[in-house]
Amino acid sequence: MTQTFIRTEMLPPEAPPARDSGAIKWLRENLFSGPLNTILTLLGLFIVYWGLSGLLPWIFGGVWNAGSLGECREIIAARTGGDGTEAACWAMVRERWHQYLFGFYPSDLYWRPTLAFGLLFVALAPVLFSQFPRKMFLLTLAYPAVAYLLLWGGSVWVPVMLILLVGAVFFIATRIGGGWGVTTFVVLLLLCFGNPLGNILWFLFRLVDALPFVAVPVAFEQSVLGFLAKIFPLFSHVHPWIHSILPWGLTPVNSDKFGGFLLAIVIGVTAISFSLPLGIILALGRQSDMFIVKSLSVGFIEFIRGVPLITLLFTASLLLQYFLPPGTNFDLILRVIILVTFFAAAYLAEVIRGGLAALPRGQYEAADALGLNYWQAQRLIIMPQALKISIPGIVSTFIGLFKDTTLVSFVGLLDPLRGVTMAVRADINWKGIYWEPYVFVGAIFFILCFSMSRYSMYLERKLKTDHR
Amino acid sequence: MNEQAAQKMQVSDEVAIQIAAMNKWYGTFHVLRDINMTVQRGERIVICGPSGSGKSTLIRCINRLEEHQAGQIVVDGTELTSDIKNIDKVRSEVGMVFQHFNLFPHLTILENCTLAPIWVRKVPKREAEETAMHFLRKVKIPEQAHKYPGQLSGGQQQRVAIARSLCMKPRIMLFDEPTSALDPEMIKEVLDTMIELAQEGMTMLCVTHEMGFAQAVANRVIFMDQGQIVEQNEPKEFFTNPKSERTKLFLSQILGH
Ligand SMILES: Nc1ncnc2c1ncn2[C@@H]1O[C@H](COP(=O)(O)OP(=O)(O)OP(=O)(O)O)[C@@H](O)[C@H]1O
Ligand SMILES: [Mg+2]
């Protein structure tokens, strides 16, 4: 039998029913919904209690006022009646915190790294949060030069010239635009700061040298390179000249005075900001149709990823010096920054390639069909989406990079974890202190890395426009 | 159809697209075989044929999303070769609408429409936005301008895709099954937009199985099979009196049941 039904009246919309709420109800539903769940809840609570009951007294019962480890121990023993209960000796942190932050940076100049750190947030604000005015990007662009001046000191004309030159080159390149613009930008920059032709020739000679049956006339090699080295580094000749007329500057601080979180942050922030563009270029290079570009990218990525970072750090000077003309002297920190950047860029390139692969072909086709050229399509259509997809991977790489900065202790730099701690332990007062430095340094690393992670989640939410 | 529209739909003598002895292979697979066709300015051509017959490949060759290996394709007087300048020129003259819309999900509807005019045609942003709003009104969704593609229905997205192409003021429009990813009630809104476009005299090449559309606006129907043009005729003749056996079979399959 078929039932006939005809609606005579349409139903008006109603508000949704109010959801049951209340703490008790939540507890019952989420923690004690059944016997198994109840047991697991109790077990979990017990484990948390057991862990914290050991750790918290150690942390919060710590001694802050003492002149040495021995004194700390006496105070604790006196307090507990010598029953063997242990507590942290935070007095060390209280006395040595500045070394953890600044290494051996001269203490009367602490304001300089502190100011640079403060300005970092001003410079990052327009990059990280879109609600700041676009004009602030100019501050961001000027920041590297300002930070360099503050941290290392020296003549003001170095950063001023840097800003002017990069600005001028950037201006010219944007006028040209597209692939040629990028090429011009790189070429002009190299002309201003480096000795590209000399370097390339040097590299070629090196390759030829490696072939045993070709003997390159040494005199020719030296004379050509010497000549080129004189012409090209325009930059290094101009600023000393201005400085001789207007000798403005800050007290220079040598790289070997850097240490602690100052060092970690200098390496981390610089490497992070340069590795992202480099990673993007490598990812695009790997997808390129051009054989040489593709092979170079693949070779670079696979080589750098395949070798432990410590190996790279150890061989940094050897590698860089072999391929650059003699007499090129790299600051140790700069050397480390370059290698950490390369290392992170190789990983980022693969993360970004994953993002690129996740984009449907239709996006490329639509961009092509609208007449956008390769660079426009990459910049406006492909990269914004590919990078958005890759945010979790990119931020993971950044966090990894930042924590890897502690490895620089292996090449003799004063990283916060091992470098500074060794320096502290070398003091007779703190000899034998073990857990406290690690907990302290670990906590600061955690705060910094956790902020990065939270920021990435904020960014993902903000950029979520696909409404899937 | 009114008098004025009928007059606009006149075909001119000027040649818009000329394809001569064109062949294309995917690897060793001969996907397009000896294609010859001439499209006059103002013509509305519907291309149909069974799945895999090379319809998409053919129209994708016209703006060189695919490369052909032999023969000649001349679009608006520019021959398609590997010369990038020619390709960019042709692509900015030829609009394309895809089966799956291919809107840019990270940009708003308005930004989708203004992107290419601003970057390719170097139109000032203000002017590009005005043009975009004009075409969005034309496809009847100006109120969605500040939403993202993901917030629109399929039919609305396809109309945005059409508006996005029109913003480049193309002289030729290519459609690759623009309605086959849509639900029936949305097909009509997209077809209406296309019919309106045809009545304004746009040169159109449209891969579709919407026979109603073909009968309403097409002045030629091309039937393809196995990479070849098997039959072409004006719509009325084509549907009522197909000549080739393959065409008859195909028509009975899509119209029959
Ligand atoms: N990128 C490709 N590589 C290799 N073969 C392809 C490629 N694209 C399409 N083909 C093949 O070429 C033939 C023609 O494809 P095309 O997409 O042009 O068909 P179509 O007529 O548009 O079919 P449909 O109606 O299903 O869209 C098919 O056999 C397909 O398998
Ligand atoms: Mg198709």
Side-chain angles (χ1 to χ4, degrees), chain A residues 130 134 173-183 280 288-291 293 352 355-392 394 458-468, chain B residues 56 59-60 62-66 82 84-109 111-122 146-152 157 160-161 164-170 172-176 181:
Chain A
S130 53
R134 297 277 104 177
T174 44
R175 289 291 115 154
I176 299 168
W180 286 113
V182 176
T183 318
I280 292 175
S288 168
D289 298 332
M290 289 181 271
F291 178 73
V293 173
I352 294 167
L356 287 172
L359 279 197
R361 252 176 72 89
Q363 293 291 311
Y364 292 87
E365 290 177 353
D368 282 347
L370 284 169
L372 296 169
N373 65 35
Y374 177 80
W375 292 103
Q376 289 171 334
Q378 289 298 341
R379 186 155 65 87
L380 302 165
I381 310 298
I382 308 303
M383 273 306 151
Q385 298 185 61
L387 290 179
K388 188 174 85 180
I389 300 172
S390 332
I391 288 174
I394 292 177
Y458 155 83
L459 198 62
E460 272 180 80
R461 255 198 319 278
K462 194 183 76 152
L463 296 181
K464 195 169 187 306
T465 57
D466 51 2
H467 306 280
R468 267 191 288 218
Chain B
S56 299
I59 71 164
R60 289 157 59 85
I62 294 174
N63 65 356
R64 211 175 170 88
L65 287 181
E66 301 290 352
S82 50
I84 297 181
K85 262 207 200 97
N86 285 357
I87 297 173
D88 282 346
K89 179 158 174 280
V90 164
R91 281 177 178 166
S92 62
E93 300 294 327
V94 178
M96 176 136 185
V97 176
F98 299 87
Q99 180 176 5
H100 296 288
F101 333 131
N102 295 353
L103 293 177
F104 306 129
H106 63 301
L107 300 176
T108 63
I109 301 307
E111 288 165 343
N112 263 279
C113 293
T114 55
L115 185 94
I118 290 175
W119 290 95
V120 179
R121 290 246 191 271
K122 314 284 182 215
H146 295 288
K147 288 194 182 165
Y148 285 95
Q151 293 167 296
L152 269 55
Q157 290 194 40
V160 171
R164 177 176 74 177
S165 293
L166 292 178
C167 284
M168 285 293 281
K169 311 264 173 73
I172 300 165
M173 286 285 285
L174 308 174
F175 294 83
D176 189 1

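Note on naming: letters A, B, ... go to the chains in the order of the sequence lines (proteins, then strands), and numbering restarts at 1 for each one.
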For the side chain of B/His106 and the backbone of A/Leu463, is there at least one donor-acceptor N/O pair under 3.5 Å apart? no
For A/Gln376 and B/Leu115: C-alpha separation, side-chain torsions, deciding distance, then whether side-chain contact (heavy atoms from CB on, under 4.5 Å) applies. CA-CA 10 Å; A/Gln376 289 171 334; B/Leu115 185 94; over 6 Å; no
Could you walk me through whether B/Arg60 and A/Glu365 pass the side-chain contact (heavy atoms from CB on, under 4.5 Å) test, one step at a time? CA-CA 10 Å; B/Arg60 289 157 59 85; A/Glu365 290 177 353; 2.8 Å; yes
Could you tell me which portion of B/Phe104 (side chain, backbone, both or neither) has an atom closer than 4.5 angstrom to a non-hydrogen atom of chain A? both
Look at atom NZ of B/Lys122 and say whether more than 12 heavy atoms of other residues, nucleotides or ligands are closer to it than 6.0 Å. yes
Between B/Arg91 and A/Gly371, what is the shortest heavy-atom contact and its length? CB-CA, 3.9 Å
Pair A/Asp368-B/Leu65, side-chain contact (heavy atoms from CB on, under 4.5 Å): steps then yes or no: CA-CA 7 Å; A/Asp368 282 347; B/Leu65 287 181; 3.6 Å; yes
Does any backbone or side-chain atom of B/Ile87 lie under 4.5 Å from a heavy atom of chain A? Answer side chain, backbone, both or neither. neither
Segment of B/Glu111 engaging chain A (4.5 angstrom heavy-atom cut-off): neither
Determine yes or no for a side-chain-to-main-chain donor-acceptor pair under 3.5 angstrom, with B/Asn63 supplying the side chain and A/Ala369 the backbone. no
Around atom NZ of B/Lys169, are there more than 12 heavy atoms of other residues, nucleotides or ligands at under 6.0 Å? no
Interchain contact, B/Val90 with chain A, by part (heavy-atom threshold 4.5 Å): neither
Which distance, rounded to the nearest 0.5 Å, do you find between the CG of A/Leu370 and the OG of B/Ser92? 10.0 Å
